[in-house]
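To keep things clear, I will list the structure first and then write my remarks on it.
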Protein chains: 2
Amino acid sequence: MSQHRPTGPNGRPGGVPALPDLPEATVARLPEYLRALHHIAETGNDTISSEGLAAAAGVNSAKLRKDLSHLGSYGTRGVGYDVALLIDQIEFTLGLDQRRAVALVGVGNLGHALAGYAGFASRGFRIAALFDADQARVGEPINGLDVRHISELAEVAAAESIAIGVIATPAAAAQDVADALVAAGVTSILNFAPCVLSVPEGVDVRKVDLAIELQILSFHEHRKSALTSLPGGLAEEAVGT
Amino acid sequence: MSQHRPTGPNGRPGGVPALPDLPEATVARLPEYLRALHHIAETGNDTISSEGLAAAAGVNSAKLRKDLSHLGSYGTRGVGYDVALLIDQIEFTLGLDQRRAVALVGVGNLGHALAGYAGFASRGFRIAALFDADQARVGEPINGLDVRHISELAEVAAAESIAIGVIATPAAAAQDVADALVAAGVTSILNFAPCVLSVPEGVDVRKVDLAIELQILSFHEHRKSALTSLPGGLAEEAVGT
DNA sequence: AGGCGCTTGTGAACTCGTGCACAAATCGCG
DNA sequence: CGCGATTTGTGCACGAGTTCACAAGCGCCT
Ligand SMILES: NC(=O)c1ccc[n+]([C@@H]2O[C@H](COP(=O)([O-])OP(=O)(O)OC[C@H]3O[C@@H](n4cnc5c(N)ncnc54)[C@H](O)[C@@H]3O)[C@@H](O)[C@H]2O)c1
Ligand SMILES: NC(=O)c1ccc[n+]([C@@H]2O[C@H](COP(=O)([O-])OP(=O)(O)OC[C@H]3O[C@@H](n4cnc5c(N)ncnc54)[C@H](O)[C@@H]3O)[C@@H](O)[C@H]2O)c1
């Protein structure tokens, strides 16, 4: 699946991987398209129109077409997109043609839930190791993996070619953990701790902060309840993410 | 700017809630500023410059000043911002002056972690009720709250004035749960299930999808590893969130 | 073979967000 | 009391992202 472009009318030339330099906003939506496409594939459809896929992914169809056009021309006018082909293309673009190994650091409340999460495996990732600083947790088996001590991180990361790390420790420990991850060769970090991480250039960080999401919702609640006292009962749908 | 309230130097004008119609991007950053400010307040500082706060929140100082200017003029030139005052202003803007009640639906793997999460309470929210469809879970006490059956949702939501709902059920159940939440008067939903929700106008939905975050990181990994084969070893810091 | 309806791919206008750069404001000090 | 050091607030230009609208392309039906 990774590599089926024989230099067709739009296929990329010879051995060049062709990095189309996608807009960041497009990259952020590709996973949504991918999820929708898998869902559509399961229902037996083998082609889908931009309108249909856009609806399934919850976006505007023009935006979807423009996004997909950045990957190349994989649709057929008058027909739509070939579902299987498009899945392959998006997976290739996202680098999901190889199953990526992930290290999870901090096996507490949240870490346990993440470690047991099936959606990891089904969407292209493999939890390759669990780490914690608490000796009481080291050795505990979770979902077929034993928790290891954080001091083993560098060794294990190298052995398992881990390039992605997930931080689920308290905020106070997060920067230290990030430093350790970077030192171990990790170049992408997903941070659940509510704090800002500083990392060297070349390392990507994304964060997930539950409280921020709730506070954004709170803002809109605040706004809505203020609006109800005014005449024009305006309202908007789905807040941007 | 939109609305320079004439009353007091900082106090809000009499009665009028003053909705300055903040840019969505600004709203999304206010919680980060708030977190940084609380952190700064704990260290004993009572004023902070835009430069300092920007660094603590991980943003550009010009952006921070522009964001804050939308709330009104709460800084002092030559000095900086009064930390306590700014905290109050941001909390007011986000509607955190009242502690908002949240319903959590789906007390499984992830739901348990969320229910036990202290960051909820410390950042302006109160988990008012836990719901599940599984009778085996109903009655289970978690963190001082008993899990209730989903059929009680409407009743409890009304009694506790719940306007925000969190969905932590499997994706297959998420739309049904969303419908039930909306029917119970909830107007803001935070969705952890990997699926698109359709809700009536006036209801806000935000989603958190772990796999999407990882896939975005994967894309950048893919890109980075492709770049290493080329001469110009470009790299970028912190991927946008 | 040719025309017709459908759908993609994209140019162009527009909106939104960012960041520079600087004037205006404030404080502290001599 | 005025001056210089400092920091805010913002006008402006630029870039990113979104949406419209439509020509180009494709398959099907006659
Ligand atoms: N629980 C949630 O639902 C939730 C939701 C959103 C965000 N978070 C955030 O996720 C993080 C974890 O939350 P939690 O509820 O799981 O906390 P927790 O205290 O239950 O777990 C933290 C774990 O990290 C380990 N740890 C501490 N320091 C470490 C270090 N230096 N190296 C390795 N491991 C270390 C601890 O031993 C513990 O097992 C926190 O930052 C929290 O704010 C949690
Ligand atoms: N576990 C994770 O770390 C994680 C991470 C990201 C996303 N998610 C997503 O969060 C959701 C929950 O994950 P989980 O691991 O906790 O799953 P889970 O199966 O452990 O828990 C789901 C819970 O929802 C309950 N439920 C099912 N249908 C319901 C209904 N109609 N009304 C009320 N409750 C209902 C079930 O009884 C169960 O207790 C899933 O959509 C998953 O994809 C989980």
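Chain identifiers are assigned alphabetically (A, B, ...) following the order of the sequence lines, protein sequences preceding nucleic acid strands; residue numbering begins at 1 within each chain.
- In this structure, A:Leu68 places its CG atom 15 Å from C1' of D:dT18, rounding to the nearest Å.
- No donor-acceptor distance shorter than 3.5 angstrom exists from the side chain of A:Lys207 to the backbone of A:Phe192, with no hydrogens or angles considered.
- Not a single donor-acceptor contact under 3.5 angstrom links the side-chain atoms of A:Arg77 to the base of C:dT7.
- What separates CG of A:Asp21 from P of D:dG15 is a distance of 15 Å, to the nearest Å.
- With A:Ser218 contributing its side chain and B:Leu94 its backbone, the two residues share a donor-acceptor pair below 3.5 Å.
- Between C:dT8 and A:Ser50, a contact under 4.0 Å exists linking OP1 or OP2 to a side-chain N or O.
- Side-chain contact between A:Glu32 and A:Val59 is absent, with no heavy atoms from C-beta onward closer than 4.5 Å.
- Following rounding to the nearest Å, B:Lys63 (NZ) and C:dG19 (C1') show an atom-to-atom distance of 9 Å.
- Rounding to whole angstrom units, CG of residue B:Leu85 and P of D:dT8 are separated by 14 Å.
- One interatomic measurement links the two molecules: CG of B:Leu53 to P of D:dG9, which rounds to 12 Å at whole-angstrom precision.
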Taking N or O atoms only and anything under 3.5 Å, show me the protein contacts with nucleotides 12-16 of chain C, one pair per line.
residue	atom	partner	partner atom	Å
C:dA12	N6	A:Lys66	NZ	2.9

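- The distance from atom CZ of B:Arg65 to atom C1' of D:dG11 is 13 Å, rounded to the nearest whole Å.
- For the residue pair B:Asp67 and B:Thr26, a side-chain donor N or O sits within less than 3.5 Å of a side-chain acceptor on the partner.
- Each of A:Gly78 and A:Asp67 was assigned the nucleotide of DNA chain D with the nearest heavy atom; the assignment lying further toward the 5' end belongs to A:Asp67.
- Atom CG in B:Asn60 sits about 12 Å away from atom P in C:dA21, given to the nearest Å.
- In this structure, B:His70 places its NE2 atom 13 Å from C1' of D:dG11, rounding to the nearest Å.
- A:Arg29 has a side-chain polar atom (N or O) that falls below the 4.0 Å cut-off from OP1 or OP2 of D:dT18.
- Nearer to the 5' terminus of DNA chain D, by closest-nucleotide assignment, is the contact made by A:Thr26 (compared with the other of A:Thr26 and A:Thr76).
- When atom types are taken as modelled, the side chain of B:His222 and the backbone of A:Phe92 share a donor-acceptor pair closer than 3.5 angstrom.
- Panel note: side chain B:Ser225, backbone B:Glu221; a donor-acceptor pair is recorded below 3.5 Å.
- Checking side-chain atoms of B:Ser49 against main-chain N and O of B:Gly52 turns up a donor-acceptor pair under 3.5 Å.
- Between B:Ser73 and D:dG9 there is a side-chain N or O to OP1 or OP2 distance below 4.0 Å.
- Within the 4.0 Å cut-off from OP1 or OP2 of C:dG9, at least one side-chain nitrogen or oxygen of A:Tyr81 is found.
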